[in-house]
Structure formats: C-alpha cells, structure tokens
Protein chains: 2
Amino acid sequence: MSLEQASEIQRRMYDFIVNYMKSEGMPPTNREIGRELNIASTGHVDYHLTMLEKKGLISRQAKKSRGIKLTKQTQDGIPVMGKIAAGEPLDIFEGATESVDVGQNFTDTENTYALVVRGRSMIEDHICDGDYVVIKKQATCRDGDIVVAVHMQEGVSGSATLKRFFQEKDHDRVRLQPANSELDPIMIPKTIWDREWQIQGKVVAIFRQCITAA
Amino acid sequence: MSLEQASEIQRRMYDFIVNYMKSEGMPPTNREIGRELNIASTGHVDYHLTMLEKKGLISRQAKKSRGIKLTKQTQDGIPVMGKIAAGEPLDIFEGATESVDVGQNFTDTENTYALVVRGRSMIEDHICDGDYVVIKKQATCRDGDIVVAVHMQEGVSGSATLKRFFQEKDHDRVRLQPANSELDPIMIPKTIWDREWQIQGKVVAIFRQCITAA
DNA sequence: CAAAAACTAGAACGACTATTCCAAATGATC
DNA sequence: GATCATTTGGAATAGTCGTTCTAGTTTTTG
C-alpha cells in the first residue's frame, strides 16, 4: 500500500531519498531534500516527511540529523512477477507481490525480474520446481537460450512459458523445447510466430533456496 | 592493507562505524563515536577519523554531518572459500579470493560462505558444475541434508566433499551419498567417523549464473 | 459554493555538528 | 635524555540541522 496514496511530490521525495541513500550511503538532510525538489522552506520539507511517515513509507528519529529510515527495505531485491511453467502456460505480469534479493549481480532493475518455476518441465536443465529464475528482458535471443515466450491470443492476455529457443531455418519454424524428455516441443511456423508469439526475456540466473528446518 | 597498521582504538572506532551503519542505516556523528568509545573530546575523535582517512579506511565529506563513507565497500557478498566436489575431495579454506552477492537472504555473514561446485557428483540433485552453493556453518545435521564433510587426515590439512548425509543406525555407520548413480557412496564406521570426519556445514541455497553472451 | 484538506513560503529557535586551536600527557626510537 | 609520533582533554566557533510557528495559496470534496 502507501506508495500509491502518496502525492506526486511525496513520491519524488521518497525516490530522492532512496537514490541519495544508495549513492551517498546516508540519508539526506531536510535541506538537501528541499534543494533537490526546489522546495524553498525546510518546514515544507518537514511537512511532507511527516506525511511520508504517516503513510508508513519512512520512519524518523526525532532531532537526529539525517534521521530518516526506509521501512520498506526491499530496495535491493528484484520483483517476483509470478509463476511460470512449460507444460501449462501460466499468466504472469499481474504485478509483483513478492521480491527476491539476488544482490547486486543484476543492477539493471528496470529490465530484470524473477519468476518462480512450477513443475518439472525444465528439470533436465536442472531447473526445479520452486526455483527462482532471474529474467533479463529482451525481445531477441540466440539458439539454445532459455527464454520466456509469451503467446498472445486475441482477446486473451498472453500466457507465458519457459523453454529453450531454437530457430529451425531449414523448416522455417521455431521450436520451443522443454528440458524434459517426457514432454514434446512446440513447433511454430515462422509466420504464426511473428504474429502470435513474443520473446519476453531470457534466463540469466537461477536461485534455489533449500528448505532448512534446523 | 591499512587495517593492520591502525591502532587499537582506531580499529575499535572503525568497527563501531561499520556496526552503526549496519544497524542504523547511516554513519554516526563524531560525538556519537566519542560517546561510544569514551572519548571526551570531539577534537580527539576528529583526530582519529583523520588518521583513518589517511590510512584509506574511510573517506569524509567536509563539514557534512555524518560525513563518513567506508572505502572498503562493506562486502555485501559472502566469501567464496574455494571449490568443492564429491568425486575428488578438494582443499578449501585457503582464504577467500572471491565473493558472490546473494543479497540479504543470509545475514549471518559470520557463519555463511559459498563454494563453487566442480564436477557432476550432485547432478541428480540438480547441482551443476559451476554452481555456487551457499553453506551455513554447523557441526550437526539431519538425515538427507546436503553437507560439506571434511576428512581430517593426520598431518594433512582436511579435504572436503559435498554429499548427502545419512546415519544408518542399524549398521552403526555414516553414509555419504553422492547424487550421481555412477558414483558410489562412502560408508564410514561410526567410530572412525567421530575421529576423522567433521561436518562443516549444510547447503542452504544454490545460485547459478547462466553464461549470457548477449 | 463552502468547507476541508493539501500544499507552499518565510522566519526563527535551540540543539547539534565538524572543525580548529591550545595544551598536555604517553610511549617509542635513537 | 631528547625527539618525535601518538594519544588525550578542554574550549570555542561558525555553520548545519530538525522543528515549530504564522500565514498564505491551491486543490479536493461534499
């Protein structure tokens, strides 16, 4: 919640605080905030900070210089946009409800997100049920890449599937290959491919959290 | 370098700054440092901060409150202590040369480290050559846990191996089971186990970075 | 329209902060 | 013993900081 019910200037203020903390390693002062957002009065800044605090986005330590803390500390994680499988395409991109912290390996947060793998369709590539796959958004890919392919059907929101991508030039079609010998590949003629399918991105990393009950 | 050539009080000061930043999210003021280290004079604190800066451990922004930055960026990653395999035990713990950033999922940095997996000995558990395994240090484990087991031979530094741990009570021995049907388990009588073997820790996560040439 | 909420500016206060200067111990080196 | 770097205390200064106050405008809401 919260971020949506903040006004435009409060959102800009919050963004500035986040960026300042990331680059400077400390929260900004009220005056630094005002200078950045062209706010002439420190009291004015204080007012909006109080609002942000009331909305639960930050917390403040009274009287302390730079006494701002972020309550939502998931700054570093990348959003988990949904679940994905190969056998039965699932809807994704309903908005991130979760996030997974994979550190600073993937800094391009604009173009990186994660999905939770469902099923055993990529098991022979050692991608298991429950694994997080880190996806880098891109519209093109190379033969053999593990990609998120979206099937856009008329009227229906696209359903996504995780598969290896192969371009079979001699047959002029695309093969989406699961990594499970019990499952069949999807063969798509190039003409239909261009019209109905779209590469959303490719897998750049896999993260598996082992259940550890002790 | 640098940290070694700092005096005891400067080391304590540096530690306090690191801990303060970790818990408070901002650097401490000179006065807060003095209060913590029982230094009566702010000028005194300033003197030691100047020394720390000269030795390259911190950098300072003149006149700014809390204007301290750590130059050695707080290794957010966890140290990669070496390589490990099941087939041919490898020496580890030669000191970390590398580190991998797995985010804030594992905050107990004192008791967590990573290893690079070599070989296909755990392939049926979907742990591949090149994967990072995140290890949580602990001396005991449960049946079925994937553990780092160290064989301590006389005179030789211990060699480590990654396997699943099983305690076979009826035979009074320990089985270290690779996840590769081509490889045989290691069976160790309980008496020898207690004397020559040691559990270093268990796998809590797996991180795989896919080669992405575009 | 009227009332309420949100937003903006300016000024001022007291506390906090980094820095500097002075003076004096302590410990090591030669 | 003399010299030097290191370590400590006290005081003072100029500026920064969070906060509060008054007073006005704009926007939203009923």
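A, B, ... follow the sequence lines: proteins, then strands. Residue 1 opens every chain. Please read these numbers as outputs of a predicted model, since none were measured by experiment.
- One atom, NZ of A/Lys55, and another, P of C/dA5, lie 14 Å apart when rounded to the nearest Å.
- Between A/Trp193 and A/Trp197, the two ring planes are parallel [angle under 30°; tilted spans 30° to 60°].
- Straight-line distance from the CD atom of A/Glu8 to the P atom of D/dT28: 13 Å, rounded to whole Å.
- Checked options A/Ile206, A/Val117, A/Ile146; the residue passing with A/Met122 is A/Ile146 (criterion: side chain to side chain contact (heavy atoms under 4.5 Å, CB included)).
- Between the side chain of B/Arg31 and the base of C/dA18 there is at least one donor-acceptor pair of N/O atoms closer than 3.5 Å.
- No more than 12 heavy atoms of other residues, nucleotides or ligands lie within 6.0 Å of CZ in B/Arg120, so this atom counts as exposed by the packing criterion.
- Less than 4.0 Å separates DNA chain D from at least one heavy atom of each of the following residues of residues 36-48 of chain A: A/Thr42, A/Gly43, A/Asp46.
- Atom C1' of nucleotide C/dT8 and atom CE of A/Met51 are separated by 14 Å, given to the nearest angstrom.
- Taking side-chain N and O atoms only, A/Asn30 has a distance below 4.0 Å to OP1 or OP2 of D/dG18.
- Between C/dT19, D/dC17, D/dT8, one nucleotide has an atom nearer to the side chain of B/Ile9 than all others, and that is D/dT8.
- Using a 4.0 Å cut-off, some side-chain N or O of A/Gln10 falls inside it from OP1 or OP2 of C/dC7.
- Taking 4.0 angstrom as the limit, A/Arg60 places a side-chain polar atom (N or O) nearer than this to OP1 or OP2 of D/dT19.
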